[in-house]
Asker: 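A single structure is presented below for examination.
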Amino acid sequence: MNYWLVKSEPNVYAWEQFQTDKVAVWDGVRNYLARNNLRAMQKGDLVLFYHSNIGLEVVGIAKVKKTGFPDPASPDQWTAVELVPYKKLKHPVSLKKMKNCPELSNMGLIRQSRLSVSALTEDEFNKVLLLSQEN
DNA sequence: GCCAACGTTGGC
DNA sequence: GCCAACGTTGGC
C-alpha cells in the first residue's frame, strides 16, 4: 500500500465535483516526476486530495481505481490514472496546519509545492488524518 | 553541455 | 498583484 497526494484547483476541479462524478480520470499531468508517481500507483492506494490556490487544504481521500494507462491526449509520453472518492475528511487540514507540524516538514507538498502528484510516507498520511480529526 | 530567458505554478 | 521556485527552451 502506497500513499499519495494530488493537487487540484477547486475552481477547475473541486472535491465536491469529484464526489458527484464518482470517478475521475487523472490526466493532463505534464511533469516527469509527477508522471513517475502516477506510474507507481497501485490499485487501492490512498490519495489525499488537496485544494490549491483556493482553500489551501486537504479535503478528502481518494482511492486508485485504475492504475497507470496512457494519457489519451499524449499516449506515447504521458500517463493517467483513475481515482474514485473514498472519504471526505471530517475537517479539512490546512496548509498552515501542516506547515506547523514538525512530522510533516518533509512532505512533498511542503518541500516542493509545485509538484502536482507527490508521494507520502505512511506516517505522513496518518498524521494528516489525525489532524483532520481535530477542529 | 552550459546558461540566460522565459513561462507556469502557487503561496502570500 | 507580486514574487520565489521550478521546468523548459534555445543559442552558443
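Residue numbering restarts at 1 for every chain, and letters A, B, ... go by the order of the sequence lines.
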Asker: Can you tell which of C:dA5, C:dT8, B:dC12 lies closest to the side chain of A:Lys99?
Answerer: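 From the listed options, B:dC12 comes nearest.
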Asker: Can you measure from CD (A:Gln133) to CG (A:Leu131) and round to the nearest 0.5 angstrom?
Answerer: 9.5 Å
Asker: For A:Phe69, does the six-membered ring have the charged nitrogen or CZ of A:Lys66 within the cation-pi criterion, i.e. under 6.0 angstrom from the centroid and within 45° of the normal?
Answerer: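 Judged by the rule, A:Lys66 and A:Phe69 form a cation-pi pair.
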Asker: Grab the CD1-C1' distance between A:Ile110 and B:dG10 for me, whole Å please.
Answerer: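 Taking CD1 of A:Ile110 and C1' of B:dG10, I get 14 Å after rounding.
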Asker: Flag the pair A:Glu134 and A:Lys90 as a salt bridge only when some basic side-chain nitrogen lies within less than 4.0 angstrom of an acidic carboxylate oxygen.
Answerer: no
Asker: Looking only at side-chain atoms of A:Tyr32, point me to the closest of B:dG11, C:dT8, C:dA5.
Answerer: C:dT8
Asker: Within this structure, what is the CG-to-P distance between A:Leu33 and C:dA5, rounded to whole angstrom?
Answerer: 18 Å
Asker: May I ask you to evaluate whether A:Gln112 reaches the phosphate of C:dG7, defined as a side-chain N or O under 4.0 Å from OP1 or OP2?
Answerer: yes
Asker: CG of A:Leu109 versus P of C:dC6: gap in Å, rounded?
Answerer: 13 Å
Asker: Looking only at side-chain atoms of A:Asn31, point me to the closest of B:dT8, B:dG11, C:dG7.
Answerer: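 Comparing B:dT8, B:dG11, C:dG7 against the side chain of A:Asn31, the answer is C:dG7.
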Asker: Just checking A:Leu115: base, sugar-phosphate only, or nothing, at a heavy-atom cut-off of under 4.0 Å?
Answerer: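 Nothing, no nucleic acid heavy atom in range.
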Asker: Can you tell me the distance, in whole Å, between the CG atom of A:Asn53 and the C1' atom of C:dC2?
Answerer: 14 Å
Asker: Quick check on B:dT9: is either OP1 or OP2 less than 4.0 Å from any side-chain nitrogen or oxygen of A:Tyr50?
Answerer: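 For B:dT9, neither OP1 nor OP2 has a side-chain N or O of A:Tyr50 closer than 4.0 Å.
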Asker: Determine whether the aromatic ring centres of residues A:Trp15 and A:Tyr50 are separated by less than 6.0 angstrom.
Answerer: no
Asker: In whole Å, I'd like the distance from the CZ atom of A:Arg35 to the P atom of C:dT8.
Answerer: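 Going from CZ in A:Arg35 over to P in C:dT8 covers 11 Å.
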Asker: Between C:dT8, C:dC6, B:dG11, which nucleotide gets closest to the side-chain atoms of A:Ser52?
Answerer: B:dG11
